[in-house]
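Whatever order the structure lists them in is the order used to number ligands and atoms, beginning at 1. Everything numeric in this text was worked out from a predicted model, so none of it was measured.
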Amino acid sequence: MTEEILTVKDLKKYFLTSRGTVRAVDGISFSIKEAETLGLVGESGSGKSTVAYTIMGMYRPTAGEICFRGQDISREARKRSKALKKQIQIVFQDPGSSLNPRRSIKQILELPLKVHGLSKDRSGTQQVERLLEMVELPLDYMYKYTEAIGGGEKQMVAIARALATDPSFVVLDEPTSALDVSVQAKIINLLLNLQRELHLTYLFITHDLSLMRNVSTRVAIMYLGKICEVASAAEFFQNPIHPYTRMLLSSIPVVSEEEEAFKPKKVLSRGEIPSPVNVPPGCSFHLRCSVKKDICSTDDPVMVEIGEGHTVRCHSSP
Ligand SMILES: Nc1ncnc2c1ncn2[C@@H]1O[C@H](COP(=O)(O)OP(=O)(O)OP(=O)(O)O)[C@@H](O)[C@H]1O
Ligand SMILES: [Mg+2]
């Protein structure tokens with residue numbers, strides 16, 4: 001059996017603001033197996049980045065547990081050991097703001113090597129060259145500054161920086177959504193090749209369901225801080241159950257007749273995602289749901305396994 005590398009149990013992250021308590025992540029559980037890609041999908045504001053930052057230790061969880069290779073890591077990053085930080089890396093959505101414009105690419109890539117005591121040669125050049133090769137950038141790029149290169153290339157530098165510590169698990173928070181369509185496929189292919197070569201495990205965050213089809217082993221759908229459905233990528237596209245999943249899937253373009261046969265009938269997108277400060281009682285999706293029953297406005301459904309590895313949180317699920 002493949003080992004579970006990351007396990008999240010009943011994780012909550014609330015923010016106290018002048019508007020009230022923001023329930024950004026409100027009791028989610030999932031696990032990721034070694035060398036697989038879990039796709040975390042949801043509309044803007046559903047809490048995806050908050051999940052990512054909490055796993056990275058940038059936020060302390062309000063409640064719940066995060067285990068990495070069996071070790072509880074639900075503590076802030078500064079309390080995490082260097083050995084652990086080395087293992088878990090992140091690539092952010094916007095490479096423009098995540099890379100320091102005052103440092104050369106060599107300096108950017110050397111920094112994690114130095115911080116983690118991984119520099120081997122004094123000049124650091126060889127290791128930087130190897131990282132540039134891994135992301136298929138010309139070696140003379142090490143002397144450039146990020147303002148001189150394009151958005152896709154910046155993201156390649158950000159990926160190289162994440163790989164500098166030889167991690168086993170990488171969080172990808174919308175790694176292509178800030179980029180031109182023309183370079184998105186290149187970055188996705190690069191990430192998939194690197195995963196195969198380096199045996200990486202990914203948490204791949206996106207709001208783009210079509211992208212999920214190409215990158216994910218399994219998919220988790222997030223809505224207002226909660227996960228409403230988890231399934232393998234194949235099962236997810238052939239047998240989506242949750243009304244929210246069906247609403248999302250019915251609005252994406254299909255590429256073949258076979259897929260058209262599986263695609264849920266058009267479900268009109270109703271309303272907008274409510275504020276996580278005022279989460280509706282009962283099932284948080286009921287105000288937008290096309291199949292809601294009386295119970296949905298009073299009782300929050302629990303996750304139920306309806307098939308192997310396929311779980312759904314809905315009062316109407318089979
Ligand atoms: N530091 C914070 N303080 C207060 N509220 C926050 C904070 N970070 C996020 N939120 C709120 O939590 C909710 C979830 O935000 P989050 O950024 O996790 O969503 P997301 O799914 O990543 O959205 P997007 O697709 O736009 O990136 C939002 O309502 C957001 O305004
Ligand atoms: Mg986000």
Legend entry - Lys120 backbone acceptor or donor facing Gln127 side chain under 3.5 Å: yes

Legend entry - Side-chain (Thr165) to main-chain (Lys86) donor-acceptor, under 3.5 angstrom: yes

Inset, instruction - Examine the side chains of Arg69 and Ser168 and answer whether a donor and an acceptor come within less than 3.5 Å of each other. - result: yes

Inset, instruction - Give the residue and atom name of whichever protein heavy atom lies nearest to atom 25 (O) of ligand 1, and the separation in Å to one decimal. - result: Lys48 NZ, 2.8 Å

Inset, instruction - Considering heavy atoms of the protein only, find what lies nearest to atom 24 (P) of ligand 1 and give residue, atom and distance to 0.1 Å. - result: Ser44 OG, 3.6 Å

Legend entry - Heavy atom of Gly42, distance to ligand 1 below 4.0 Å: no

Inset, instruction - Considering the heavy atoms of Gly45, write down every atom of ligand 1 situated less than 4.0 Å from one of them. - result: 13 (C), 14 (C), 19 (O), 20 (P), 21 (O), 23 (O), 24 (P), 26 (O)

Inset, instruction - Please report which non-hydrogen protein atom sits nearest to atom 18 (O) of ligand 1, along with the residue it belongs to and the distance in Å to one decimal place. - result: Thr50 OG1, 2.5 Å

Legend entry - Per-atom contacts, ligand 1 versus Val22 - under 4.0 Å to a heavy atom: 11 (C), 12 (O)

Inset, instruction - Output yes when a side-chain donor or acceptor of Thr217 lies under 3.5 Å from a complementary backbone atom of Thr37, and no otherwise. - result: yes

Legend entry - Nearest-contact summary for atom 31 (O) of ligand 1 - protein heavy atom, Å: Arg19 NH2, 4.4 Å

Legend entry - atom 12 (O) of ligand 1 [closest protein heavy-atom partner, distance rounded to 0.1 Å]: Ala24 CB, 3.4 Å

Legend entry - Residue-ligand contact Tyr53/ligand 1, heavy atom below 4.0 Å: no

Inset, instruction - Number the atoms of ligand 1 from 1 as they appear, then name those within less than 4.0 Å of a heavy atom of Thr17, with their elements. - result: 4 (C)

Legend entry - Donor-acceptor contact below 3.5 Å, side chain Gln89 vs main chain Val170: no

Inset, instruction - Just let me know how Tyr59 lines up against ligand 1, side chain, backbone, both or neither, with a heavy-atom cut-off below 4.0 Å. - result: side chain

Inset, instruction - Verify the neighbour count for atom CG of Asp294: are there more than 12 heavy atoms of other residues, nucleotides or ligands below 6.0 Å? - result: no

Inset, instruction - Could you tell me the residue and atom name of the protein heavy atom closest to atom 19 (O) of ligand 1, and the distance to it rounded to 0.1 Å? - result: Gly47 N, 3.3 Å

Inset, instruction - For residues Arg313 and Ile227, report the shortest heavy-atom separation together with the two atoms involved. - result: NE-O, 2.9 Å

Inset, instruction - Using atom types as modelled and distance alone, determine if a side-chain donor or acceptor of Glu153 lies under 3.5 Å from a backbone N or O of Leu137. - result: no

Inset, instruction - With heavy atoms of Glu43 as the reference, note each atom of ligand 1 found under 4.0 Å away. - result: 21 (O)

Legend entry - Matching residue for His207 among Glu43, Glu174, Lys48 - test: side chain to side chain donor-acceptor pair (under 3.5 Å): Glu174

Inset, instruction - Would you confirm whether Glu229, through its side chain, and Ile221, through its main-chain N or O, come within 3.5 Å as a donor-acceptor pair? - result: no

Inset, instruction - Heavy-atom contacts with Ser46 under 4.0 Å: which atoms of ligand 1 show up? List them by number with element. - result: 19 (O), 21 (O)

Legend entry - Heteroatom proximity flag, Ser49 to ligand 1, N/O under 3.5 Å: yes

Inset, instruction - Give a yes/no verdict on whether any heavy atom in Glu174 is under 4.0 Å from an atom of ligand 1. - result: yes

Legend entry - Closest protein heavy atom (residue, atom, distance) for atom 29 (O) of ligand 1: Pro276 CG, 3.1 Å

Inset, instruction - Taking both backbone and side-chain atoms into account, decide whether Ser44 has an N/O/S atom under 2.8 Å from the Mg ion (ligand 2). - result: no

Legend entry - Within-cutoff protein neighbour (heavy atom, under 4.0 Å) for atom 4 (C) of ligand 1: yes

Legend entry - atom 6 (C) of ligand 1: nearest protein contact (heavy atom, Å): Phe15 CD1, 3.4 Å

Inset, instruction - Kindly check if the number of other-residue, nucleotide or ligand heavy atoms within 6.0 Å of CD (Glu305) is above 12? - result: yes

Inset, instruction - Apply the side chain to side chain donor-acceptor pair (under 3.5 Å) test between Asn193 and each candidate in Glu197, Arg196, Gln195; give the one that qualifies. - result: Arg196

